Amino acid sequence: MTAAHHYKIRPSDPAAHLFEVSVTVADPDPVGQAFAIPAWVPGSYLIRDLARHVVGIAATSDGADIALTKTDKSTWLAAPCDGPLTVTAEIHAYDHSVRGAHLDTTHGFFDGAAVFPSVVGQEDRECRVEVGPPADAVGGSWRVATSMRPLDAGQYEFGTYVVQDYAELIDHPVEMGDLLIGEFEVAGIPHAIAVSGHSTFDMARICHDLAALCEAQISFLGKPGDLDRYLFLLAVRENGYGGLEHRWSSALMCSRKDLPRRGAAKIDDDYRKFLGLCSHEYFHLWNVKRMKPERFSPYDLSAETHTGLLWVFEGITSYYDDLFLARSGLVTNDSCLELLARTITRVQRTPGRFRQDIEASSFDAWTKLYQPDSNSPNAMISYYSKGSLVALALDMTIRKESAGRFSLDDVVKECWRLYQEEGMPERGLETVARSTTGLELEDFFERYVRGTADLPLPGLLKTVGVKLHMRPASDCKDPGGKPAKTDTQAPPWLGATLVSDGGASRFANVLTGSPAERAGIAPGDEAVAIDGLRLTADNLDSRLRDHHVGDTVTLTVFRDHRLLRHRVSLAAPPDDTCYLTIDSDADEEAVAQRKSWLGQD
Ligand SMILES: [Zn+2]
């Protein structure tokens with residue numbers, strides 16, 4: 001029996017945003033023990049170099065100092081000693097996101113990858129983790145929420161927890177503070193949601209709705225053998241949105257307006273967005289946390305790991321997160337179709353879909369999707385949004401060509417059966433899609449996964465009795481999903497977005513081939529006027545409505561403090577905005593397919 005590593009973490013100075021973290025190793029490497037902090041966090045494909053937040057680090061053994069040498073940006077080497085060896089680090093925690101560490105006098109949060117050094121070469125040993133409280137003056141009423149298994153800690157209390165190895169250690173984010181906790185059971189498994197940052201919302205409603213959502217997903221792919229608990233960790237902020245999946249939990253962030261008020265009867269757009277986020281992260285407990293790309297088995301957290309499969313793990317998850325809102329009965333079919341139509345709209349407004357296919361988008365996640373710039377809409381496509389539409393098109397193709405015998409559900413279930421242990425090979429989904437359905441799908445994958453052709457969705461959606469309609473955007477905030485407002489006319493098209501930046505309004509994205517680009521307007525230009533009238537992010541639509549398609553206007557901007565005049569020829573707005581409707585004339589077969597697809601009539 002090898003000795004466990006002993007980790008300790010405590011909010012040593014909340015006002016200065018400092019966690020103190022230590023690890024004691026019983027049998028350090030006799031030639032010198034190395035310790036490393038990950039360069040990236042699983043599930044978030046960007047090199048973050050988390051070791052840069054270490055502000056102090058030292059090693060001791062048996063009361064004596066041990067020399068510690070930094071050997072690269074993320075690694076320290078302790079001089080040889082007999083052990084036990086303890087390394088103690090101070091870590092500055094002020095990244096308020098779901099994939100970092102944040103500490104102040106109101107709460108603490110950390111993702112393990114941001115705070116715990118690994119014991120290099122002994123990562124497979126059991127770890128015991130003592131999570132300590134801050135000084136009483138700050139955290140007298142603080143509780144702890146984590147999916148780590150308690151060793152001697154009471155429920156929601158500070159104390160010692162235990163995990164199987166380092167990979168598990170960094171897969172249990174921890175929130176500490178004044179928490180509101182709701183509990184519910186799904187398929188006999190205890191579930192909880194721990195909320196920080198907000199108090200006046202309907203917790204009972206959330207627990208009820210999440211139970212329905214989780215239940216529907218568990219009945220789809222089955223209960224994973226090791227899923228004996230699940231925790232939603234939710235940080236509520238005035239404006240926030242994000243999530244990161246874990247094996248037994250997820251770290252979520254949302255806006256205060258996203259949570260249901262007590263007594264509110266219906267699910268509004270904001271609460272639907274919150275439920276969609278929960279649906280997404282929960283689906284990941286199968287799709288990417290247990291079944292993952294072969295190339296992530298195991299993760300190398302020291303450098304980028306490239307895979308062309310992120311569209312499978314994020315795109316298919318995005319597709320099912322919407323579907324399960326309907327399949328669990330939380331939203332109507334129309335509401336689910338609205339969400340799909342908004343995704344279609346986002347992709348349709350992105351000229352970069354002709355520059356980058358979703359396999360390349362997956363591969364280049366590290367330098368493109370995770371490092372967007374003003375040219376991103378012209379140069380790339382998101383493997384989330386286009387990936388979810390490819391999943392939709394693949395689902396419809398299988399349903400159509402197998403005359404309803406198979407669907408994407410069967411393919412995902414078979415992938416789960418085959419790949420949950422070993423990892424999915426790069427062409428795994430394609431192989432399983434063909435073997436499960438007996439269909440010849442090579443052309444589909446060539447055209448839409450490794451190619452940039454637009455998806456033939458209008459024809460495919462007839463399979464489930466759904467009609468696809470395209471129209472121009474009603475205004476620059478129109479997300480699509482609904483028919484055009486009858487009382488407003490679409491403004492002429494400029495093809496550039498304008499955002500408020502302090503007191504100024506600046507062009508952010510200028511689309512390929514748009515009137516704005518052809519006239520010479522560039523990202524970063526500060527808008528001044530159209531034909532002598534002041535132009536701002538707030539009045540862009542009404543200024544454009546003053547003119548007609550085909551009019552040439554003078555658009556003045558400041559670029560690097562120089563006043564420039566551009567002659568812009570306004571174009572007809574493109575039909576880039578989608579809405580979907582149920583076809584009331586659809587035949588019986590299509591109606592039956594729709595029911596199998598959305599789970600309700
Ligand atoms: Zn995701």
Side-chain angles (χ1 to χ4, degrees), residues 40-46 48 97-100 111 113 147 170-173 210 213-214 216-217 220-221 224 227 230-235 240-254 258 272-293 295-297 299 301 304-325 339-340 342-343 346-347 358-359 361-366 368-372 380-392 408 412 415-416 419-420 423-424 429:
W40 60 281
V41 179
S44 185
Y45 308 106
L46 177 70
R48 297 182 191 277
S97 76
V98 294
R99 26 126 187 85
D111 181 292
S147 51
I170 61 169
D171 203 12
H172 295 283
L210 287 182
L213 191 57
C214 299
Q217 292 195 14
F220 175 50
L221 283 172
L227 189 76
Y230 192 85
L231 173 67
F232 293 96
L233 279 182
L234 174 64
Y241 182 78
L244 187 65
E245 64 277 7
H246 296 279
R247 205 174 168 102
W248 292 275
S249 64
S250 48
L252 312 169
M253 185 172 280
C254 75
D258 296 344
R272 183 179 63 179
K273 185 171 143 193
F274 168 73
L275 290 172
L277 175 65
C278 296
S279 181
H280 183 95
E281 304 308 340
Y282 199 75
F283 197 80
H284 271 317
L285 76 82
W286 292 271
N287 197 32
V288 95
K289 288 316 299 183
R290 288 174 177 82
M291 172 172 74
K292 54 169 79 79
R295 291 185 181 173
F296 289 171
S297 311
Y299 288 111
L301 297 177
E304 294 91 339
T305 305
H306 296 285
T307 168
L309 284 176
L310 293 183
W311 78 269
V312 171
F313 293 93
E314 292 300 348
I316 289 183
T317 299
S318 297
Y319 176 57
Y320 278 102
D321 72 38
D322 289 340
L323 284 193
F324 273 102
L325 294 180
L339 293 170
L340 286 176
R342 285 187 179 183
T343 307
R346 280 202 298 281
V347 170
I358 53 169
E359 201 170 88
S361 173
S362 300
F363 191 92
D364 282 331
W366 306 84
K368 294 207 170 182
L369 189 92
Y370 271 89
Q371 297 194 55
M380 57 158 292
I381 188 70
S382 159
Y383 52 76
Y384 283 83
S385 54
K386 177 81 184 284
S388 104
L389 297 190
V390 169
L392 168 65
L408 185 64
V412 171
C415 284
W416 167 246
Y419 300 135
Q420 57 180 294
M424 182 185 281
L429 181 90

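Whatever order the structure lists ligands and atoms in, that order sets their numbers, starting from 1. Reckoned from all heavy atoms, side chains included, excluding hydrogens, waters and symmetry mates. Owing to the predicted nature of the structure, the values given are computational and were not obtained by experimental measurement.
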Restricting to N, O or S atoms of His284, which is nearest to the Zn ion (ligand 1)?
NE2
Taking only residues two or more places apart in sequence or in another chain, which ones pass side-chain hydrogen bond (donor to acceptor under 3.5 Å, both in side chains) with Ser361?
none
Whether Ser362 side chain and Trp311 backbone form a donor-acceptor pair below 3.5 Å:
yes
Among the N/O/S atoms of His280, the Zn ion (ligand 1) lies closest to NE2
Please find out if less than 6.0 Å separates the ring center of Phe283 from that of Tyr319.
no
Could you confirm whether Glu314 has any N/O/S atom lying under 2.8 Å from the Zn ion (ligand 1)?
yes
Who passes side-chain hydrogen bond (donor to acceptor under 3.5 Å, both in side chains) against Asp171, sequence neighbours left out?
His246, Lys289
